[in-house]
Participant: 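Can you read through this structure? Questions will come right after.
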Amino acid sequence: MRPAVRDGLGVGISVGVSGLAFGAAAVTAGLSVAQACVLSLLAFTGASQFALIGVVGGGGNLVAGTLGAVLLGARNGLYGLRLAGMLRVRGWRRLLSAHVVIDETTAVATGQPDDRSARAGFYTTAVSLYLAWNLSTLAGAVGAARIGDPRTFGLDVLGPAVFLALLWPRLTAGRAEARVAVAAAVLAIAATPLLPPGVPVMLAAVAALAGLRAPARDRTADGTTGGTTGEMVGGAAGGETAAETAGDASTGSGTGDAEAAGGTAGEGRKGLGA
């Protein structure tokens with residue numbers, strides 16, 4: 001169990017500090033410090049949170065931002081199916097456990113040799129990451145709120161820049177991932193001048209069709225691609241959010257986040273890629 005606890009603490013703390021970027025980006029997008037903190041407490045899925053504030057910061061409405069975030073976070077439900085047999089929780093504990101089923105906790109748990117170690121890794125990651133993410137969100141939000149107008153320092157591009165950084169590891173995972181990313185980006189960018197902010201992100205989900213047609217040679221030896229189609233669509237569609245926000249920025253152009261960490265730690269070790 002010690003390796004599982006060690007892995008969980010390493011992932012939780014290292015990924016959790018990225019909440020600084022989210023807190024600052026959230027305040028930059030127009031959220032209050034309290035709103036940024038509540039979002040981290042209740043949503044607790046980095047890439048979806050960045051997607052939401054990216055849409056809101058770009059002038060989109062809350063409904064469009066929420067739908068985009070839900071689309072990106074839907075994969076957590078699939079993680080739950082995989083973890084149910086390992087965790088074996090019931091009642092109210094099942095509800096609490098479901099709240100922390102994300103890329104990082106799933107990757108650490110599934111990288112362990114037995115169910116006991118998997119449970120130790122899952123909960124160690126969950127607790128350490130939840131605490132670190134929320135504390136750093138508070139620190140980032142308070143810091144951004146105190147410097148005045150973040151656009152003066154070019155911080156209004158922080159959210160989109162972090163979100164786009166999450167996409168990069170997926171682009172090197174395989175041809176299928178690259179096709180989905182490119183298709184989603186083209187759709188989102190083309191739709192940005194024509195549709196309200198946030199809608200192009202959801203429209204980019206059509207790019208998932210490119211991933212469904214991935215030939216067998218594009219897949220890894222275990223029959224999977226390097227990342228999920230949902231992650232690629234959400235990540236590439238984040239380019240539309242960056243394009244919107246960059247239009248108002250003087251310097252240029254957005255998980256889990258921490259979300260990209262799920263791609264590397266699935267091999268047994270977890271690292272930061274929401």
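Heavy atoms only: backbone and side chains are in, while hydrogens, waters and symmetry mates are out. In this chain, residues are counted from 1 in sequence order.
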Participant: Using the ring of each side chain (for Trp, its six-membered ring), is H99 parallel, tilted or perpendicular to F44, with breaks at 30° and 60°?
Facilitator: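 H99 and F44: tilted rings.
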Participant: Quick one: OG1 on T106 to CZ on R82, what's the gap to the nearest 0.5 Å?
Facilitator: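 So the gap between those two atoms works out to 9.5 Å.
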Participant: Give the intermediate values and the outcome of side-chain hydrogen bond (donor to acceptor under 3.5 Å, both in side chains) for residues D114 and S117.
Facilitator: CA-CA 6 Å; D114 54 69; S117 296; 3.1 Å; yes
Participant: If I take atom CH2 from residue W133 and atom OG from residue S18, how far apart are they, to the nearest 0.5 angstrom?
Facilitator: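 Going from the CH2 atom of W133 to the OG atom of S18 covers 4.5 Å.
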Participant: Do we see a donor-acceptor contact under 3.5 Å between the side chains of Y79 and T105?
Facilitator: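 No, no side-chain donor-acceptor contact under 3.5 Å.
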Participant: Search all heavy atoms of A120 against all heavy atoms of V5 and return the closest pair with its distance.
Facilitator: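 What the structure gives for the nearest pair is CB-CG2, 4.4 Å.
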Participant: Please determine whether residues L31 and L41 belong to a single hydrophobic cluster, defined as Ile, Leu, Val, Met, Phe, Trp and Tyr linked transitively by side-chain heavy-atom distances below 4.5 Å.
Facilitator: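 Yes; L41 is reachable from L31 via cluster members.
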Participant: Closer than 3.5 angstrom, by distance alone: can the side chain of Q35 be matched with the main-chain N or O of S32 as a donor-acceptor pair?
Facilitator: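 Side chain of Q35 to backbone of S32: a pair is present.
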Participant: Got a donor-acceptor contact below 3.5 angstrom from the S14 side chain to the V11 backbone?
Facilitator: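 Indeed, once roles are kept as given, a pair shorter than 3.5 Å links the two residues.
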Participant: Working to the nearest 0.5 angstrom, can you tell me the gap between N134 CG and L39 CG?
Facilitator: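 Spacing of CG (N134) from CG (L39) equals 10.0 Å.
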Participant: Please check if the side chain of S136 supplies one atom and the backbone of G16 the other of a donor-acceptor pair under 3.5 Å.
Facilitator: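 Side chain of S136 to backbone of G16: a pair is present.
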Participant: Do V89 and V108 sit in the same hydrophobic cluster, where Ile, Leu, Val, Met, Phe, Trp and Tyr count as joined when their side-chain heavy atoms come under 4.5 Å apart?
Facilitator: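 Hydrophobic grouping puts V89 with V108.
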Participant: Could you give the distance from CG (D103) to OG1 (T45), rounded to the nearest 0.5 Å?
Facilitator: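 Reported value, rounded in 0.5 Å steps: 7.0 Å.
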Participant: Count I, L, V, M, F, W, Y as connected when their side-chain heavy atoms are under 4.5 Å apart, and connections chain through other members. Are L135 and L20 then in the same cluster?
Facilitator: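 As far as the 4.5 Å side-chain criterion goes, L20 and L135 are not connected within one cluster.
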Participant: Below 4.5 Å, heavy atoms only, C-beta onward: do R6 and T124 meet side chain to side chain?
Facilitator: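 SC-SC contact between R6 and T124 ruled out.
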Participant: So do V100 and L96 actually touch side chain to side chain, heavy atoms under 4.5 Å?
Facilitator: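 With C-beta onward as the side chain, the pair stays apart.
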Participant: Go through the steps to decide whether R88 and D115 satisfy the test side chain to side chain contact (heavy atoms under 4.5 Å, CB included), and finish with yes or no.
Facilitator: CA-CA 10 Å; R88 296 198 293 273; D115 287 355; 3.2 Å; yes
Participant: Give, for atom OG of S128 and atom OH of Y123, the distance between the pair rounded to the nearest 0.5 Å.
Facilitator: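 S128 atom OG to Y123 atom OH measures 14.0 Å (nearest 0.5 Å).
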Participant: Which distance, rounded to the nearest 0.5 Å, do you find between the CD1 of I102 and the CZ of R75?
Facilitator: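 Interatomic distance, I102 CD1 to R75 CZ, rounded to 0.5 Å: 9.5 Å.
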Participant: Would you say V17 ends up clustered with L131 if hydrophobic residues are merged whenever their side chains have heavy atoms under 4.5 Å apart, either directly or through other cluster members?
Facilitator: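 No: no chain of side-chain contacts under 4.5 Å links L131 to V17.
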Participant: Apply side chain to side chain contact (heavy atoms under 4.5 Å, CB included) to R119 and Q112, showing your working.
Facilitator: CA-CA 9 Å; R119 287 191 290 272; Q112 304 308 316; over 6 Å; no
Participant: Tell me the closest heavy-atom pair linking A141 and V33, and the distance in Å.
Facilitator: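 Residues A141 and V33, closest heavy atoms: O-CG2, 3.7 Å.
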Participant: Taking S48 for its side chain and A69 for its backbone only, find out whether a donor-acceptor pair lies under 3.5 Å.
Facilitator: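 Pair found, side chain donor or acceptor close to backbone of A69.
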Participant: Shortest non-hydrogen contact from A144 to A24?
Facilitator: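 That would be CB-CA, 3.7 Å.
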Participant: Minimum heavy-atom separation for M86 to A109, with atom names?
Facilitator: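 Heavy atoms only, the tightest pair is SD-O, 4.2 Å.
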